Amino acid sequence: MVKMDDIVSLCKRRGFIWQGSDVYGGMAGTWDFGPLGVSLKKKIMDAWWKYWVDDREDMYGVDAAIIMNPRTWIASGHTATFADPLVECGACHGRFRADKIADGISESVTTEEFKALNVKCPTCGKIEWGEIRKFNMMFQTHVGPVDDDSSIAYLRPETAQGIFTNYKNVVDTIYPDLPFGLAQQGKAFRNEISPRDFILRDRECSQMEIEYFVDPKTWEEHFEKLLKQQHEFLTDVMGLEPERIHDLEVEAEDRAHYSKRTVDIEFDYPNGREELMGLAYRTDFDLQNIQRESGKNMEYIVKGSTERFVPHVIEPSIGVERLFLAVLTSAYKEDEVNGEKRVYLCLSEDLAPYRFCVSPLLKNKPELVSKAKEVYDLLRKKYGNVTWDDSGNIGKRYRKQDEIGTPKCVVIDFDTLENDTVTVRDRDTTEQVRVKINEL
Ligand code: GAP
């Protein structure tokens, strides 16, 4: 069973992910993606976009501003309710999310309930808790040169509101048939009390969200369909191990303020089971709020009829970092080759940062190097994401490419100069075959 430390160390060693602002001692809850991490993250996001938007006729994209008019967050309920239960230890003054340091309690826990549990402070071990207070997680900023109440704005805590606020623009411009979905990918910011578990709970994360607008009479049917499609996407496109994926029907008291039904799709991460994504029936909560706050009509007129209503919404929402970690957890494999432990990432060809690695068998033989460059250029033209490696010996190169998930290593040797064939070595089986260059 893969451990979180193995993944963190691989990510650091191979240039996938580093602590944000590492050089200055870090910035809690932020992470920087290095060359390989960016590549994998971008492929995950592109594969999501292809599956959910490009390959479907009922989905459209938007890309809204991160800083939105603050009325957005009053209408959505975030100003009033987007808060976690914060509790402070009277002895060491450590601050914690109450529902995360005691088992089996919900976000709406009261001070009395919490104190009755006799939870010890995770830092100093004492039991000297203060009152639980609600801590709003939105990051506040000021827009323009004046720092007063009238210039307060927020970094968006979810991408969803940038979709809802553009619903009317989309209907007025392209008037899609109902049901239709609007998709968005982008950064979201939450001032989490305790960021933790590597990239699982961050203060700055990326979300991929869809608001799927439906006739209210049909929401259940669409909910089930989207749930099934989520599973297909996670297993067939992302390669997640099905036995690590679990649906959790969220109880009414644990659901977000806007939801009438939520299924969380949880994943068995190395540190335990956690929410990977959510599927929520948001009813017409958001469009009704926008209608009230803006005074603009949010009704949809069914084409060819006089029927009109404010559509209801099903929302699949997933964090890129959580998906990234689930992809790595599923792909991380260990075995033994020639009596030595080997680590490899079993990523699909479409997700692996590099599809091929090209190497000359020996780097001090100019004829091998120039032939290898020819093959490298050929594959790069065809596939783009191909890497070159002439460091160390061939065994070390294979180990390195295995660790970053490169599916095939192509090696140019003396036979290549004779007959235009190369060795292609498979990451998963370590088997090698001879292939003609023009058949690569
Ligand atoms: N628009 C609905 C919404 O934002 P959410 O359950 O708060 O719902 C959706 O967030 C998804 O975004 C989560 O399932 C998770 O994948 C991701 N996410 C939320 N907060 C996160 C955080 N602090 N760090 C990393 N990912 C997060």
Side-chain angles (χ1 to χ4, degrees), residues 17 20 27-31 33 41 44-45 48 62 64 66 68 72-73 75-78 81-84 97 99-100 106-107 135-139 154-165 167 181-212 226-227 230 233-234 238 240 245-248 250 254-267 269 271 273-283 285-287 289 313-327 329:
I17 299 176
M27 175 87 185
T30 69
W31 299 94
F33 287 75
K41 181 179 176 190
I44 288 173
M45 293 174 80
W48 184 91
V62 293
I66 287 176
M68 302 178 70
T72 309
W73 310 112
S76 69
H78 282 79
T81 60
F82 192 60
D84 277 341
R97 235 182 98 165
D99 59 327
K100 294 290 170 199
S106 78
E107 286 174 28
F135 171 74
N136 194 298
M137 291 197 289
M138 284 198 292
F139 275 105
Y154 302 93
L155 304 186
R156 67 180 178 202
E158 61 168 15
T159 56
Q161 294 305 320
I163 299 179
F164 287 120
T165 48
Y167 153 82
L182 296 180
Q184 177 167 222
Q185 299 182 329
K187 292 269 185 176
F189 302 83
R190 297 178 180 195
N191 198 358
E192 295 283 352
I193 296 168
S194 354
R196 64 188 169 87
D197 287 333
F198 191 32
I199 54 173
L200 205 72
R201 187 172 299 284
D202 315 320
R203 292 197 167 121
E204 179 180 333
C205 68
S206 300
Q207 287 186 318
M208 303 190 283
E209 299 199 293
I210 294 167
E211 306 306 330
Y212 198 70
L226 285 166
L227 183 57
Q230 288 301 332
F233 170 74
L234 295 174
M238 291 291 111
L240 301 194
I245 300 174
H246 312 275
D247 285 355
L248 174 78
V250 181
D254 291 332
R255 285 198 294 259
H257 58 278
Y258 48 71
S259 174
K260 278 261 174 69
R261 182 183 175 197
T262 297
V263 171
D264 279 349
I265 301 185
E266 298 189 316
F267 184 80
Y269 289 99
N271 280 4
R273 192 170 294 181
E274 284 282 353
E275 175 186 328
L276 163 62
M277 61 163 297
L279 183 70
Y281 170 41
R282 289 182 83 127
T283 68
F285 176 86
D286 301 272
L287 290 184
N289 287 340
V313 170
I314 321 281
E315 177 195 66
S317 171
I318 189 161
V320 178
E321 289 77 7
R322 288 193 190 183
L323 183 54
F324 189 106
L325 191 55
V327 166
T329 304

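Position 1 is the first residue of the sequence; numbering continues from there. Each ligand, and each atom within it, is numbered from 1 in the order the structure gives. A quick note: this is a predicted structure, and the numbers were derived from the prediction, not measured. Hydrogens, waters and symmetry mates play no part in the numbers below; they use all other heavy atoms, side chains included.
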Discussion item. Can you name the atoms of ligand 1, numbered from 1 with element, that are less than 4.0 Å from a heavy atom of R190?
Written reply: 3 (C), 4 (O), 5 (P), 7 (O), 10 (O), 19 (C), 20 (N)
Discussion item. Would you say that more than 12 heavy atoms from the other residues, nucleotides or ligands in this model lie under 6.0 Å from the CE of M27, or not?
Written reply: no
Fill in: Per-atom contacts, ligand 1 versus M277 - under 4.0 Å to a heavy atom
14 (O)
Discussion item. Go through it in stages, so that I can follow the logic: the residues are E315 and I163, the test is side-chain contact (heavy atoms from CB on, under 4.5 Å), and I'd like the CA-CA distance, side-chain angles, deciding distance and then a yes or no.
Written reply: CA-CA 11 Å; E315 177 195 66; I163 299 179; over 6 Å; no
Practice prompt. Of the side chain and backbone of R203, name the one, both, or neither that has a heavy atom under 4.0 Å from an atom of ligand 1.
Written response: neither
Discussion item. Looking at ligand 1, would D264 count as a contact under a 4.0 Å heavy-atom criterion?
Written reply: no
Worksheet entry | Nearest neighbour in protein (non-hydrogen) for atom 10 (O) of ligand 1 | Q207 NE2, 3.5 Å
Discussion item. Tell me the contacting part of E275 for ligand 1: side chain, backbone, both, or neither, using a 4.0 Å heavy-atom threshold, strictly below.
Written reply: side chain
Fill in: Atoms in ligand 1 with a heavy atom of L276 nearer than 4.0 Å
14 (O), 15 (C), 16 (O)
Discussion item. Under 6.0 Å between ring centres: does that hold for Y269 and F198?
Written reply: no
Response to the item:
Per-atom filter on ligand 1: closer than 4.0 angstrom to a heavy atom of E315 are 1 (N), 2 (C)
Discussion item. Please find the pair of heavy atoms, one from R203 and one from A28, that lie closest to each other, and give the distance.
Written reply: NH1-O, 3.4 Å
Discussion item. Test of understanding: given a 4.0 Å heavy-atom threshold, classify the contact between F82 and ligand 1 as side chain, backbone, both, or neither.
Written reply: neither
Practice prompt. Output yes when R282 and E209 qualify as a salt bridge under the 4.0 Å nitrogen-oxygen rule, no when they do not.
Written response: no
Worksheet item: What class does the angle between the rings of H78 and W73 fall in, given that below 30° is parallel, 30 to 60° is tilted and above 60° is perpendicular?
Response: perpendicular
